[in-house]
Enquirer: 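Once you've had a glance at the structure underneath, I'll fire off some questions.
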Amino acid sequence: MNPDSVYLSSEMPDRADHLWRYTPWRKAHPTGNVREIPDAVSTPKIVLKTIDGSSLPEGISLVHEQTEFDDLPNEEIITKSFLQSVTKNSKFTLSVIPKFKSTTPIVVDIQTEGNYCATHLCLEIGRLAEFELVTVIRGECKWFGMMRTGSTGEGSVCNDVFVNKLSKGVTLRVESISIPRDSQFKSGTVSSGSTLTKADLRYRMFGPGGSLNVLGSILSAGEMSLDHHIEIYHDSPETFSRLDWNSACGGSSKTVGTGMLRVSKGSAGADAAQLFSNLLLSSDAQADSIPELEVSEHDVVGCGHGTASGPVDENQMFYLGSRGMSPSESKSTLIAAFLNSTLSEMGGDLMHGWLISELEDDLNELGD
Amino acid sequence: MSEGSEARDAVGDYKAGWHDPENSTIRFDFGLSEKVVRDISQIKNEPEWMTEIRVKAYRHFVERPMPTWGNTKELMEIDFDKVCYFLKSSEGIGSSWDDVPEDIRNTFDRLGIPEAEQKWLSGVTTQYESETVYHSIREDLEKQGVIFLDMDSGLREHEDIVKKYFGSVIPYSDNKFSALNTAVWSGGSFIYVPKGVHVEMPVQAYFRINAKNMGQFERTLIIADEGSSIHYVEGCTAPTYSTDSLHSAVVELLALPGAHIRYTTVQNWSNNVYNLVTKRGVAHENAKIEWVDGNIGSKLTMKYPAVILKGEGSHAEVISVAYAGSGQHQDAGAKVHHMASNTTSNILSKSISKDGGRGSYRGMAKVMPKAENCRMNIVCDALILDEESRTDTYPTMEIANSTAHCEHEASVSKVGDEQLFYLMSRGHTEAEALGMIVNGFFEPFTRELPMEYAVELNKLMSLEMEGSIG
């Protein structure tokens, strides 16, 4: 069915829905008129390169065409059909051949164009591939839509990081990634851009031995509102998942972290945990966490979740002050350490160093 | 198969599942209308303002859609036209058990209420169907000014207090079921504890549904004045029928400055009762409200005891346990709103799912922007005992003040093989070992119960665990 008709014939989501409680669809829509699919949505400039500027290894390519992808169960029809509609001419496939190996992280550099801009990136990762991937968004558009779909290959090891460096505007991000047998997928999110972000990230482990690590380092300042929803499905035995989501909120910003961890019947030996941590840096900042859990299998290694919110530790501030640091330096250091606990897990040293350099300016701003 | 034998078969291990022949003095036809609401009010000879509130609530109930969250499938199966909204089985309220009709007295004898009253209670109220049938309070408490009445008598004798506080904590517009309760409420308890009075022994209410397709809608209002304290215990049972009954209560607590209210519930409805209850308390300066909430029975329970921490230094404590067996969904949890500075709260939730049962924790913890230095701790533990069962956790934390320290943790696990092995190596059978582990899991709840309740609950859980393994 045509995605335009699917979208326009769908019932608009209710705020009673878990997904839309904090950021209603109207706010994440480019024009606010939810019955409209805007025509003038441009295609961003996308460049595939290595993180250190060296030549791109053979076996990885980005082509301007669409690959078929399988839908995940219970997907949100509104955002998915809307993004499919506005990315008809902006579909890319990132292909990685089987047994591809790269020690240098690969960058998908996306430069947005125009007022409204969107793209659909399909991942086609071959079996036993091992590499690190950074997708970075830059530019000044008013609205950016990003959909990523696809599957990792059996036995593959992939560290994948999404970095939002948009200077303003709204970002709508939807991800549906399937993780097959013995595949290890690490999905990091570094968000310090956009005034409003609505992200719906879904991962499904459908083969034994699948492993997923979802990490978030979220900096929100000024009047930003960053809403991330993460759903993880354990649909096969002996699967493993961890979610660690760290948000630092300053100014009068707001972060929302909602998680849904579903362990289906038959997923014996599942081992799953989620942790949302929030650092509140100013009196007007707000952090909401809703880590949900649905377990239908009794023979699990363990399923748990946790959330913690609090201010910067006064004792730590005092200690750093006693070592000669100004309050502003101490605060920046503690915020950096807090965010670094997830940032450092997202990839190897090269990737980590690159991420730190990308975030440096924003961190200093929060410390002030 | 006769109705009696059908019921007996359905009762199984549920000890309170028998029923008595129905001897009603007034019984309304099935279904709800504005006339039913006005008739209930007229029978009770209520003041005009209460009738008006009932009618407004009824209209709100009709207009308001069913909740779109929770077990919507089960909720949609409730047929409000097949519920009896008022049934009176006794002409008056007895102050001695001899005044209570014999069949009803026998029921409460079998449930052990008169015996418990003599041993360890300050006061007792028992509700059978829609109305209170027995009520007593110790003389010394009455002399100290403690008011402990059924809600209907409370409205008659203390209209000014009831008018001031009724619906002040839970307005009828709060949710669909609080609207239903406000429209057709009958029975429940009204308690006022004067300044500085400590009611040392608990007061108890016991709620029994006997008739088929019955709706019980008690309304409870407890006001603890400055520096006072009270412990209220409620229990409930119903016969097992093949058709469903509806229990939809509203409980409002007001703990004025420095007061302490503990509200303990041991809910053991039969597995054909929808238990959709709204419970909320407001804690003023340095007051403390505790909900000790046990959910063992019912078909579907949706109950989230709440505390509004309105006064500085106030404290909320919620201990909630749920057992979800075959055909049951226990959707329980807690809500705490930190409105004032230096407020603290603890929530401990434990659930066990077995034989295809589903246990859910659903919670809301909120810190408002002006509430400085609040602390909150939430712990949810769930045990799944077999492959047919399911457990869910839906916590929500909304923190709008940077000085708040808030923690939530939840875990789901199965009974550890090494724990079973250890206990069996000490000579226990598998069932005994499992019963002990489960009782240990529920121990944070049972240790807060009066001794008699704790012993009964442990026995009940041990019985439930028989045949769980192998």
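Numbered from 1 within each chain, the chains take letters A, B, ... in sequence-line order. Worth saying up front: this structure is predicted, and the values here are computed from it rather than measured.
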Enquirer: So, taking the atom named CD in B/E398 and the one named OG in A/S309, what distance separates them when rounded to the nearest 0.5 Å?
Expert: 11.0 Å
Enquirer: Report yes if some heavy atom in the side chain of B/K414 is under 4.5 Å from a heavy atom in the side chain of A/D299; otherwise report no.
Expert: yes
Enquirer: Please determine whether the number of non-hydrogen atoms from other residues, nucleotides or ligands lying under 6.0 Å from atom CD of B/E77 exceeds 12.
Expert: yes
Enquirer: Heavy-atom count check: over 12 atoms from other residues, nucleotides or ligands less than 6.0 Å from B/M339 CE?
Expert: no
Enquirer: Quick check for you: to the nearest 0.5 Å, what is the distance between A/H305 atom NE2 and B/E409 atom CD?
Expert: 9.5 Å
Enquirer: After noting the C-alpha distance and the side-chain angles of B/E388 and A/K265, does the key distance pass the side chain to side chain contact (heavy atoms under 4.5 Å, CB included) rule?
Expert: CA-CA 8 Å; B/E388 303 302 320; A/K265 196 174 166 185; 3.3 Å; yes
Enquirer: How many angstroms lie between atom CE of B/M397 and atom CG of A/D288, to the nearest 0.5 angstrom?
Expert: 10.0 Å
Enquirer: Flag yes if more than 12 heavy atoms outside B/E387 fall under 6.0 Å of its CD atom; otherwise flag no.
Expert: no
Enquirer: Quick check on B/M376 against chain A: is it the side chain, the backbone, both or neither that has a heavy atom closer than 4.5 Å?
Expert: neither
Enquirer: Just so I know, are the side chains of B/H408 and A/F276 near enough to count as touching, which here means a heavy-atom distance under 4.5 Å?
Expert: no
Enquirer: Quick one: what part of A/T307 sits under 4.5 Å from any heavy atom of chain B, side chain, backbone, both or neither?
Expert: both
Enquirer: If you take all heavy atoms of A/V295 and B/D392, which pair is closest and at what distance?
Expert: N-OD1, 4.1 Å
Enquirer: Any side-chain heavy atom of A/P311 sitting closer than 4.5 Å to one from B/H405?
Expert: yes
Enquirer: State the NE2-CG distance between A/H298 and B/L383, to the nearest 0.5 angstrom.
Expert: 11.5 Å
Enquirer: Do other residues, nucleotides or ligands put more than 12 heavy atoms under 6.0 Å from the OH atom of A/Y319?
Expert: no
Enquirer: For the residue pair B/N401 and A/Q286, establish whether any side-chain heavy-atom pair is separated by less than 4.5 Å.
Expert: no
Enquirer: Among A/P291, A/G310, A/A285, who wins on heavy-atom pairs under 4.5 Å with chain B?
Expert: A/P291
Enquirer: Around A/R242, counting heavy atoms of other residues, nucleotides and ligands shown, do more than 12 lie under 6.0 Å from its CZ?
Expert: yes
Enquirer: Got a second to check how far B/T403's OG1 is from A/E314's CD, nearest 0.5 Å?
Expert: 10.5 Å
Enquirer: Shorter than 4.5 Å, heavy atoms on both sides: which option in A/L280, A/I290, A/L293 has the most such pairs with chain B?
Expert: A/L293
Enquirer: Looking at side-chain heavy atoms only, is the closest gap between A/S283 and B/P369 below 4.5 Å?
Expert: no
Enquirer: Would you check if A/N278 and B/I399 make a side-chain contact, meaning some heavy-atom pair closer than 4.5 Å?
Expert: no
Enquirer: Looking at every heavy atom in both A/S282 and B/S402, which two are closest together, and how far apart are they?
Expert: O-CB, 3.2 Å
Enquirer: Using non-hydrogen atoms only, which part of B/A404 is less than 4.5 Å away from chain A: side chain, backbone, both, or neither?
Expert: backbone
Enquirer: Heavy-atom distance under 4.5 Å to chain B: side chain of A/Y22, backbone, both or neither?
Expert: side chain
Enquirer: Counting heavy atoms not belonging to B/K310, are there more than 12 under 6.0 Å from its NZ?
Expert: no
Enquirer: For B/S389, which atoms come within 4.5 Å of any heavy atom of chain A: side chain, backbone, both, or neither?
Expert: backbone
Enquirer: Are the charged groups of B/R362 and A/E292 less than 4.0 angstrom apart, N to O?
Expert: no
